[in-house]
Amino acid sequence: MTLSVAVSGASGYAGGEILRLLAAHPDIRITTVTAHSNAGDALVQHQPHLRSLAHLTLQPTTPDVLAGHDVVFLALPHGQSGQYTDALADTPLVIDAGADHRLTSPAAWDAFYGGAFHEPWTYGVPELLVGAGGAKQRDALVGASRIAAPGCNASTVALSLAPGVAAGVIDPSDIVSVLAVGPSGAGKSLKTTLLASEILGSANPYAVGGTHRHIPEIQQALAAAAPAAADVRISFTPVLVPMARGILATSTAPIVDGATDAEIRAAWEDAYGSETFVQLLPEGQFPRTADVLGANTALVGLAIDRPAGRVVVVTAVDNLVKGTAGAAIQSMNIALGLPEATGLTVNGVAP
Ligand SMILES: NC(=O)c1ccc[n+]([C@@H]2O[C@H](COP(=O)([O-])OP(=O)(O)OC[C@H]3O[C@@H](n4cnc5c(N)ncnc54)[C@H](OP(=O)(O)O)[C@@H]3O)[C@@H](O)[C@H]2O)c1
């Protein structure tokens with residue numbers, strides 16, 4: 001089986017990473033790549049690392065150009081994807097890397113994004129626990145035809161804490177997450193705050209005080225992980241640091257009265273012990289972003305801080321792989337009944 005694929009936003013970071021991974025996927029033929037202001041250029045003019053795709057030219061992103069493929073990836077600025085939904089009604093599988101189809105609450109969309117609300121699609125984080133009994137989001141992805149790939153920070157924090165929420169050993173109403181993030185998470189378009197002269201040699205906080213757009217996505221995911229209706233509240237602070245890719249998320253939450261150390265650790269071991277791409281590190285070990293670059297891997301370190309009465313979870317991902325393109329392709333594999341790890345690797349690039 002060879003599936004024809006179109007990738008929109010192919011001149012950008014997320015689209016480029018989707019293409020890099022798909023280029024090594026044995027069941028995929030990349031037939032169409034599209035862009036906006038750079039349409040008409042050779043793909044390699046904007047993605048010079050994608051040598052095996054040097055024959056492709058960026059086409060304009062229009063419904064006609066995207067139609068007629070087995071799979072379409074949308075990697076566009078938020079607010080742009082929704083307009084293609086109707087035009088792609090006959091496309092068997094559409095995967096959106098943007099935010100347009102992630103949120104189930106119109107009120108949350110209005111509060112954090114604004115503009116037209118589009119219906120939620122199946123959330124593309126297979127390892128995420130959903131409710132009691134160990135069920136995972138993977139089950140919902142089987143046979144899915146419309147998939148919303150996650151926000152990179154959102155899925156990192158949700159994967160960090162979902163085991164404790166699902167097991168009832170942490171209190172989700174008092175979560176604090178501070179993230180070191182690389183500027184590729186903000187995309188390729190020019191912004192003064194992302195200039196090398198603003199970033200190199202500095203750590204720059206942004207969206208401080210409950211304004212980051214990934215907050216409702218985290219609340220939605222952790223509420224779904226909880227065994228009963230839960231009040232999920234999070235103080236979320238990202239800090240831009242001088243690394244092109246990567247997220248190091250440090251998340252803490254209060255330990256529920258009576259939960260033992262063994263019960264707490266077992267929650268994470270049970271959730272991720274059999275997973276390939278989300279790995280709990282041995283006790284006392286914590287991840288580095290350097291170890292997940294280029295990999296579809298989330299490395300999770302868990303500490304139980306008894307004096308503070310909180311769990312501390314440190315998780316490293318590559319925002320462009322496990323945070324976006326890898327999650328999208330892993331979800332695609334599940335939806336299509338392909339082996340889940342096809343085209344993906346757990347191994348990072350080092351040094
Ligand atoms: N970067 C990440 O780590 C990451 C992680 C998770 C999710 N995402 C999501 O992925 C999406 C793309 O992000 P990105 O980081 O790849 O951004 P980006 O590097 O700025 O790329 C944006 C892409 O969209 C195209 N584009 C811009 N305006 C458009 C329009 N009006 N209509 C059609 N295409 C348009 C651009 O084409 P031209 O270059 O030709 O103008 C470019 O190919 C966003 O929704 C983002 O939230 C990104």
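First listed ligand is number 1; within each ligand, the first listed atom is number 1. Just the heavy atoms: all of them, side chains too, but no hydrogens, waters or symmetry mates, feed the values below.
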Quick look: His36 vs ligand 1, heavy-atom contacts under 4.0 Å, and the answer is both
Indicate, as side chain, backbone, both or neither, the part of Ser8 found under 4.0 angstrom from ligand 1 when only non-hydrogen atoms are considered.
neither
Answer yes or no: does an N/O atom from Arg102 fall short of 3.5 Å to an N/O atom of ligand 1?
no
Do ligand 1 and Ala99 have nitrogen or oxygen atoms that lie under 3.5 Å from each other?
no
Salt-bridge criterion met for Glu119 and Arg146 (N-O under 4.0 Å)
no
Polar contact flag for Cys152 and ligand 1 (N/O pairs, less than 3.5 Å):
no
To the nearest 0.1 Å, how far is atom 21 (O) of ligand 1 from its closest protein heavy atom, and which atom is that?
Gly12 CA, 3.2 Å
Whether Glu275 and Arg138 form a salt bridge (side-chain N of Lys/Arg under 4.0 Å from carboxylate O of Asp/Glu) is what I want to check.
yes
Check for me whether the distance between the ring centres of Tyr113 and His78 falls short of 6.0 Å.
yes
Using heavy atoms and a threshold below 4.0 Å, how should the contact between Glu17 and ligand 1 be classified: side chain, backbone, both, or neither?
neither
Atom 11 (C) of ligand 1 has as its nearest protein heavy atom Leu76 O, 3.2 Å
Give a yes or no on whether a salt bridge exists between Arg245 and Asp318, defined as a side-chain N under 4.0 angstrom from a carboxylate O.
yes
Contact check: Ser184 vs ligand 1, nitrogen or oxygen atoms, below 3.5 angstrom
yes
Between the side chains of Asp174 and Arg310, is the shortest nitrogen-to-carboxylate-oxygen separation below 4.0 Å, so that they form an ion pair?
yes
Are side-chain heavy atoms of Trp121 and Asp100 found at a separation under 4.5 Å?
no
Is the shortest distance from a Lys or Arg side-chain nitrogen in Asp231 or Arg233 to a carboxylate oxygen in the other one below 4.0 Å?
yes
For ligand 1, which part of Ser81 has a heavy atom less than 4.0 Å away: the side chain, the backbone, both, or neither?
neither
Lys191 near ligand 1, heavy-atom distance under 4.0 Å?
no
Write out the residue and atom name of the closest protein heavy atom to atom 38 (P) of ligand 1, then the distance separating them to 0.1 Å.
Ser11 OG, 3.3 Å
Under 3.5 Å between any N/O of Tyr84 and any N/O of ligand 1: does that happen in this structure?
no
Can the ring centroids of His212 and Phe112 be said to lie less than 6.0 angstrom from one another?
no
